[in-house]
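The next block holds one structure in the form of structure tokens; read it before the comments.
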Amino acid sequence: MAEYKKPKTEAEFENNFKQKNPLMNDTEAYYEASRCLFCYDAPCIKACPTSIDIPLFIKQIHTDNITGASKTIFDSNWLGNACGIVCPTGVLCEGACVYNHQDVPPIKIGRLQNYATNKTIDAGKVIFKVGKPNGRKIAIIGAGPAGIACACEARTLGYEVDLFEAKEQPSGLTVYGIAPYKITNEEVLKEVAYLQNQLGFNIKYKTAINSKEALKSLEDEYNAIFIGVGLGKTRNLELEGEEKENVIGAVEFVEELRMKHHKLAVPKKVVVLGGGNTAMDAASEAARMGAKKTVLAYRNSKEKMGAYGFEYDLAIRAGVDSLFNVTPIAITGNGKVEGVKFAKTEMVEGKLKTNMNNTFIVRCDMVIKATGQAKQGHLYGLIDNLEIDAKIRIKTNDEFQTSNPMYFAGGDAINGGAEVVNAAYDGKMAAQGIHNWLNK
Amino acid sequence: MIDLSVNFGGIKAPNPFWLASAPPTNSGYQIMKAFEAGWGGAVWKTLGVPVVNVSSRYGSVNYRNTKMMGFSNIELITDRTLADNLREIEEVKKYFPDHAVIASLMVESRSEWEQIIKDVENAGADGIELNFGCPHGMCERGMGSAVGQEPEVLKTIVGWVKEAANIPVITKLTPNISDIVPPGLAALEGGTDSISLINTIKSIVGIDLDTYAPYPIVDGKGTNGGYCGPAVKPIAMNMLKDLAQHPEIGKIPLSGIGGIETWRDVVEFILLGATSVQVCTAVMHYGFGIVREMEAGLRQFMEERNYNTIYDFAGKALPNVTEWKHLNLEHKVVAEINAGKCIGCELCYISCDDGAHQAISLSDDPLNRIPSIIEENCVGCNLCSLVCPVEDCITMVKKDDGMKHNTWNERSLNDDIPTTFNDERAGGNGHFVPKPSDALKK
């Protein structure tokens with residue numbers, strides 16, 4: 001179990017947040033690529049949400065056709081570099097590798113992918129072609145993975161593309177929301193710059209689209225609009241004492257960390273509420289920021305956690321403690337957080353029940369709520385005839401078209417929160433959907 | 001705009017990737033599947049009087065973790081009736097009129113040749129390939145490599161075929177000879193339109209240590225097989241070069257066969273003068289899908305060098321393949337070890353000390369496992385850089401200034417070569433060699 005000292009400099013910060021998946025060197029890539037069996041109807045391709053032809057790009061790496069390998073990757077996934085780093089490969093491509101059935105380590109597909117695309121990006125190889133201008137324009141709300149992928153695909157089809165981004169940087173959660181030990185800002189921005197240089201889409205930063213007037217002007221000026229707004233701020237738990245100082249949402253915490261690095265102050269004792277991947281990230285990060293004690297608290301059992309097993313292990317290895325079958329009932333303290341009052345939970349006839357007779361307090365100086373993000377319901381309400389489901393997710397058809405035909409959508413806005421790779425797929429397919437619709 | 005299409009001695013195909021006559025071209029089903037996957041042509045599994053095959057037909061040489069580095073078979077020509085094959089040729093051509101379907105043929109008498117040529121022409125084949133290469137089974141009956149090894153017989157049969165055929169004829173040669181040029185010339189004199197090579201090499205891939213029988217084992221016995229796969233590529237490329245450099249044979253199209261699996265192999269064969277390539281073992285290992293790697297890689301190679309067709313670079317390596325006597329004796333390279341990359345396996349040291357020229361030394365400090373090059377002893381042989389497991393750790397650095405040029409040929413003309421056993425002009429004269437007794441000190 002690791003114990004992290006509070007990072008005081010950028011160098012110490014980097015050391016605490018050392019990358020989980022470092023870049024491969026040439027020798028490692030060559031040997032790893034030589035292990036690929038080149039399976040027929042390969043399970044790894046099927047496990048990839050964007051269906052990258054993985055055996056092909058690995059063989060291309062092995063025959064030193066790195067540019068060709070990158071083409072194969074980007075052909076299926078516009079964010080191939082970021083996905084090579086942040087994808088939960090253990091449950092996707094690498095989890096499907098047939099070597100697993102032989103108790104042989106699976107091919108390190110993510111790292112091989114990152115090896116190829118990183119080389120191609122660094123060499124500035126031109127591998128994309130903008131489509132012949134067709135005189136039509138697409139507006140994209142949100143420059144996250146879904147929006148960027150949609151923009152890239154649309155450019156290859158000949159559309160002019162403008163993205164409208166509320167924040168100051170592109171890539172959404174890839175820059176603002178993914179743990180820094182998974183990917184650095186530099187890596188993310190490098191890929192977007194590479195794509196933008198070749199494909200020439202425009203991103204208007206600090207331009208939130210949040211009024212009827214703004215939407216109206218987009219509707220007038222563009223032939224189609226793609227909504228890739230992801231999710232919003234952390235949802236309120238409606239807990240007593242939730243407004244106290246040092247009670248923060250996980251997404252907001254990670255965002256601050258990604259921007260401030262070692263300058264972010266993390267106190268001695270931190271409680272993280274939640275059992276999903278974001279909770280694991282936030283807990284890991286608090287520990288890596290030098291918190292003496294970080295406690296992960298989840299209302300159900302360990303087995304019921306939404307987080308991937310490897311994410312939980314990562315948090316435990318960073319020194320995080322965990323509490324299961326506890327639910328927060330109040331946040332205590334005088335203005336500032338001093339503790340969380342929990343009640344035990346138990347399964348009664350298949351339902352999780354809170355036992356108010358069994359409560360206790362965990363003392364802490366900070367509470368991170370990783371209990372889900374609110375949806376962008378406000379925006380959806382401004383769009384005419386936009387159907388959303390009970391969980392406030394935009395409804396789309398197979399072509400990613402919403403009930404208002406001019407609007408298409410993808411990413412977290414339609415799935416309620418998933419991986420970068422899912423957003424990349426949605427964005428790409430939505431651009432094709434727009435193309436099909438406009439050419440009907 | 002890249003155009004991969006080829007016109008190979010009158011046989012047109014959308015690309016140079018063809019399937020060799022072998023198990024993958026046994027049926028119309030397989031060939032249609034291959035065309036769908038991206039192959040541009042296929043040479044049908046050899047037609048003739050159908051055979052009866054044995055059970056257990058293939059053997060392989062695995063090297064370390066590489067399966068089927070070398071591959072051997074004792075399967076014969078088609079064991080299906082001619083009528084079935086002809087019907088399927090017709091059907092394939094109906095679906096794929098622009099792809100090349102080539103009928104490989106092997107029969108005995110002149111009348112059989114004339115009959116079968118007429119049959120495959122009627123079925124719509126785009127060309128004929130004469131199988132003068134099969135080195136097992138068929139040769140015992142006077143066909144296959146038995147023909148390929150006798151230039152006069154080969155020439156006569158090519159003559160019969162050319163007289164009867166209205167479609168282009170490829171002659172496929174066997175490598176089981178000492179010099180590929182005489183059979184190549186015989187094919188040319190017989191009137192062939194093009195040549196393909198190599199067929200498989202006589203081989204025994206292994207002996208079973210329980211039954212003492214060679215693989216593949218057929219009821220306790222085995223026979224020599226035909227060897228192919230990545231292991232035979234160097235032999236095939238050398239023979240291809242011999243024909244491509246020949247002033248007469250080099251004028252007709254050559255189809256390269258032998259261990260081709262990746263785009264690099266394809267490009268290398270084309271650089272040595274091939275204008276179509278044929279593949280079998282790689283397909284038997286991975287299926288037809290490997291063609292997508294070959295095609296993507298070939299296109300990438302051509303794009304980066306601004307080639308529009310394969311003819312723009314076909315044969316470009318030929319001027320650089322010369323005889324030993326024309327190599328520059330003044331050229332000097334020396335190994336250099338990048339200490340930052342060295343992982344301390346010391347394979348370079350031991351391979352040089354035991355296997356080459358004692359030009360690498362170890363440090364006296366037992367904790368320092370990074371060897372150093374003794375530059376004055378290094379003959380630039382490459383061995384250390386070949387055994388080094390780290391990419392670009394040992395590189396060969398040019399040490400001559402490039403101003404001097406002197407070959408064995410030139411030195412011979414100037415009477416400047418060693419002529420007696422103890423001639424002082426011996427190349428190694430003055431070069432450091434440890435004393436024999438130094439061996440006992442280690």
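Throughout, a chain's letter reflects where its sequence line sits, starting with A, and its residues are numbered from 1.
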Please classify the contact between A:Y31 and chain B as side chain, backbone, both or neither, with a heavy-atom cut-off of under 4.5 Å. side chain
Side chain to side chain contact (heavy atoms under 4.5 Å, CB included) between A:K71 and B:Q300, intermediate numbers included: CA-CA 10 Å; A:K71 269 188 190 169; B:Q300 183 70 27; 2.9 Å; yes
For side chain to side chain contact (heavy atoms under 4.5 Å, CB included), just list the numbers for A:F38 and B:H285, CA-CA rounded to whole Å, side-chain angles, deciding distance to a tenth of an Å, and then say yes or no. CA-CA 9 Å; A:F38 202 76; B:H285 196 159; over 6 Å; no
Counting heavy atoms not belonging to A:Y30, are there more than 12 under 6.0 Å from its OH? no
Side chain, backbone, both or neither of B:R292 within contact of chain A (heavy atoms, under 4.5 Å): both
Any chance OH of B:Y95 has more than 12 other-residue heavy atoms, nucleotides or ligands included, within less than 6.0 Å? no
Pairwise distance OH(B:Y286) to NZ(A:K59) - rounded to 0.5 angstrom: 4.5 Å
From CZ (B:F301) to CG (A:N65), nearest 0.5 Å: 11.0 Å
A quick test of your reading: do over 12 heavy atoms of other residues, nucleotides or ligands sit less than 6.0 Å from CG of A:D398? no
Could you check whether atom OH of A:Y425 has more than 12 heavy atoms from other residues, nucleotides or ligands sitting under 6.0 Å from it? no
Give a yes or no on whether B:Y311 atom OH has more than 12 heavy-atom contacts from other residues, nucleotides or ligands under 6.0 Å away. yes
With rounding to the nearest 0.5 angstrom, report the CD to OG1 distance, B:E304 to A:T67. 5.0 Å
Report, as yes or no, whether the 6.0 Å neighbourhood of atom CZ on B:R64 holds more than 12 heavy atoms from other residues, nucleotides or ligands. no
Do the side chain of B:T262 and the main chain of A:T63 share a donor and acceptor less than 3.5 angstrom apart? no
Region of A:I127 that comes under 4.5 Å of a non-hydrogen atom in chain B: neither
Is there a side chain to side chain contact (heavy atoms under 4.5 Å, CB included) between A:T27 and B:K341 once you walk through the steps? CA-CA 11 Å; A:T27 307; B:K341 291 191 170 180; over 6 Å; no
Distance from B:E391 atom CD to A:N25 atom CG, nearest 0.5 Å? 8.5 Å
Tell me whether the count of non-hydrogen atoms from other residues, nucleotides or ligands lying under 6.0 Å of NZ in B:K67 goes above 12. no
The residue among A:I58, A:D53, A:L56 that forms side-chain contact (heavy atoms from CB on, under 4.5 Å) with B:E293 is A:L56
